[in-house]
Amino acid sequence: MTPEPMDPTAAFTALGRINLGETDLEGVLATIADLAKRTVPGAFEVSVTLIRDRGPHTVASTGEAADLVDKWQYERGSGPCLDACKQRSTLLVEDVAGERRWPGWETNAREAGVGCALSVGLPIRERVAGALNIYAESVRAFDEDAVVLAETFASYAAVALANAHLYNTSMTLAQHMQTAMESRAVIEQAKGIIMGQRRCSADEAFTILSRASQESNRKLREVAADLVERAQRPG
């Protein structure tokens with residue numbers, strides 16, 4: 001089923017309303033791919049490629065054709081989306097059948113039903129490279145306006161990627177802090193129990209707890225939690 005075309009202004013408004021608290025990075029990029037497919041004239045399928053430490057992979061896709069064309073490039077380390085990623089540039093293949101820069105790619109793309117391909121590098125910092133890939137069934141499907149629109153989508157994708165990364169990092173930090181606070185609380189409880197049982201100081205109680213942790217080869221928090229749980233059981 002062909003998705004209903006969307007006005008670019010409405011698409012960019014929708015991008016700006018993405019709630020990071022209700023989705024993850026893949027969800028953000030899936031939304032970008034879907035909106036790009038509905039907004040860029042001539043788009044058949046759309047995908048987003050990211051190159052990280054483990055290599056390139058498709059993090060969002062609107063259909064099988066994009067997946068097949070992307071996968072061929074990843075397996076051979078050659079193709080327009082990979083070059084767009086690495087060079088942070090825009091690569092337009094107006095007629096797939098006549099393309100010879102990546103031997104074999106044109107055959108794979110044609111078999112997937114692709115006649116024209118546009119890859120726009122994402123301006124991402126740090127050790128990540130990416131590209132927004134837009135595929136068309138007919139040749140010369142993307143005019144200058146379509147290319148500019150695709151580049152605008154790529155800039156939105158880069159911002160969304162940065163915001164999602166920042167959000168996830170902040171959430172992870174908050175979770176680590178919460179865990180640390182909970183660990184400290186249960187350790188202090190365990191120290192109090194030992195102090196009451198042994199009539200010792202806080203430092204001595206911590207030494208006893210640490211020794212138990214080392215001898216049992218378990219984390220200090222786990223040993224402390226077990227001690228608190230046993231102390232709370234009915235006598």
Side-chain angles (χ1 to χ4, degrees), residues 1-3 5 25-158 160-161:
M1 182 178 179
T2 303
L25 175 60
E26 283 71 20
V28 171
L29 294 175
T31 298
I32 290 170
D34 177 67
L35 291 174
K37 178 178 178 178
R38 295 170 60 188
T39 308
V40 177
F44 166 45
E45 298 294 0
V46 175
S47 67
V48 179
T49 296
L50 286 185
I51 301 179
R52 292 169 170 162
D53 293 337
R54 292 176 294 176
H57 64 286
T58 297
V59 293
S61 167
T62 62
E64 184 180 9
D67 291 333
L68 290 172
V69 179
D70 289 352
K71 183 180 179 182
W72 186 96
Q73 298 178 72
Y74 304 156
E75 290 177 345
R76 291 160 180 78
S78 174
C81 87
L82 293 181
D83 283 1
C85 283
K86 296 170 184 176
Q87 300 168 9
R88 286 180 168 81
S89 61
T90 298
L91 289 177
L92 173 61
V93 179
E94 294 188 303
D95 186 352
V96 166
E99 182 55 59
R100 295 294 181 270
R101 279 176 287 182
W102 309 281
W105 174 80
E106 72 283 357
T107 301
N108 170 263
R110 289 178 65 190
E111 289 176 350
V114 173
C116 178
L118 173 62
S119 290
V120 183
L122 299 176
I124 307 172
R125 298 181 179 180
E126 300 180 351
R127 295 183 299 174
V128 180
L132 177 68
N133 311 303
I134 305 176
Y135 300 108
E137 293 179 293
S138 60
V139 300
R140 286 176 281 279
F142 304 125
D143 58 17
E144 185 176 341
D145 289 341
V147 173
V148 171
L149 185 55
E151 290 175 337
T152 303
F153 261 98
S155 66
Y156 269 92
L161 196 63

Problem - Distance in Å, Thr62 OG1 paired with Asp67 CG, rounded so as to fall on 0.5 Å steps - result: 8.5 Å

Handout entry: Nearest-0.5 Å distance that lies between atom CG in Leu29 and atom CG in Asp34
Key = 12.5 Å

Problem - Distance, nearest 0.5 Å, that separates CG of Leu92 from CZ of Phe142 - result: 8.0 Å

Fill in the blank from the handout: Scanning both residues in full, the closest heavy-atom pair of Ala66 with Glu45 reads CB-CB, 3.9 Å

Fill in the blank from the handout: Here the gap from Ile51 atom CD1 to Tyr74 atom OH, rounded to the nearest 0.5 Å, amounts to 8.0 Å

Exercise for the section: Please check if atom CZ in Arg100 has more than 12 non-hydrogen atoms from other residues, nucleotides or ligands closer than 6.0 Å. Expected result: yes

Problem - Donor-acceptor under 3.5 Å (Ser61 side chain, Gly63 main chain) - result: yes

Handout entry: Atom of Ala65, atom of Phe44 and distance for their closest heavy-atom approach
Key = CB-CE2, 3.6 Å

Problem - Any side-chain heavy-atom pair of Val69 and Trp105 under 4.5 Å - result: yes

Fill in the blank from the handout: With sequence neighbours left out, the residues meeting side-chain contact (heavy atoms from CB on, under 4.5 Å) with Glu64 are Leu68

Completion exercise
Between Leu82 and Gly77, the two heavy atoms sitting closest are CD1-C, 3.5 Å

Problem - Minimum-distance pair of heavy atoms, taken over all atoms of Gly42 and Ala136 - result: O-CB, 3.2 Å

Exercise for the section: Find out whether Leu149 and Pro41 are in side-chain contact, i.e. whether some heavy atom of one side chain is under 4.5 Å from a heavy atom of the other. Expected result: yes

Practice task
Any chance you could measure Leu122, atom CG, to Cys85, atom SG, to the nearest 0.5 Å?
Solution key: 7.0 Å

Problem - Closest approach of Pro80 to Leu91 (non-hydrogen atoms, all atoms of both residues) - result: O-CD1, 3.4 Å

Exercise for the section: Please list all pairs passing the side chain to side chain donor-acceptor pair (under 3.5 Å) test where one or both residues lie in residues 131-144, with sequence neighbours left out. Expected result: Ser47-Asn133, Thr49-Asn133, Asp70-Tyr135, Ser119-Asn133

Practice task
For Asp145, check side-chain hydrogen bond (donor to acceptor under 3.5 Å, both in side chains) against everything at least two apart and list the hits.
Solution key: none

Completion exercise
Those residues at least two apart in sequence (or on a different chain) that pass side-chain contact (heavy atoms from CB on, under 4.5 Å) with Ser78 are Trp102

Practice task
Please name all residues satisfying side-chain contact (heavy atoms from CB on, under 4.5 Å) with Arg110, sequence neighbours left out, ordered by chain then number.
Solution key: Val96, Ala97

Practice task
Taking all non-hydrogen atoms of both residues into account, name the closest pair between Ala131 and Cys81 and its distance.
Solution key: CB-O, 3.8 Å

Handout entry: With Arg101 via salt bridge (Lys or Arg N to Asp or Glu O under 4.0 Å) - residues at least two apart
Key = Glu99

Practice task
Determine, stepwise, if the pair Val46 / Val40 fulfils side chain to side chain contact (heavy atoms under 4.5 Å, CB included).
Solution key: CA-CA 10 Å; Val46 175; Val40 177; over 6 Å; no

Practice task
Give, for atom CZ of Arg76 and atom NZ of Lys71, the distance between the pair rounded to the nearest 0.5 Å.
Solution key: 9.5 Å

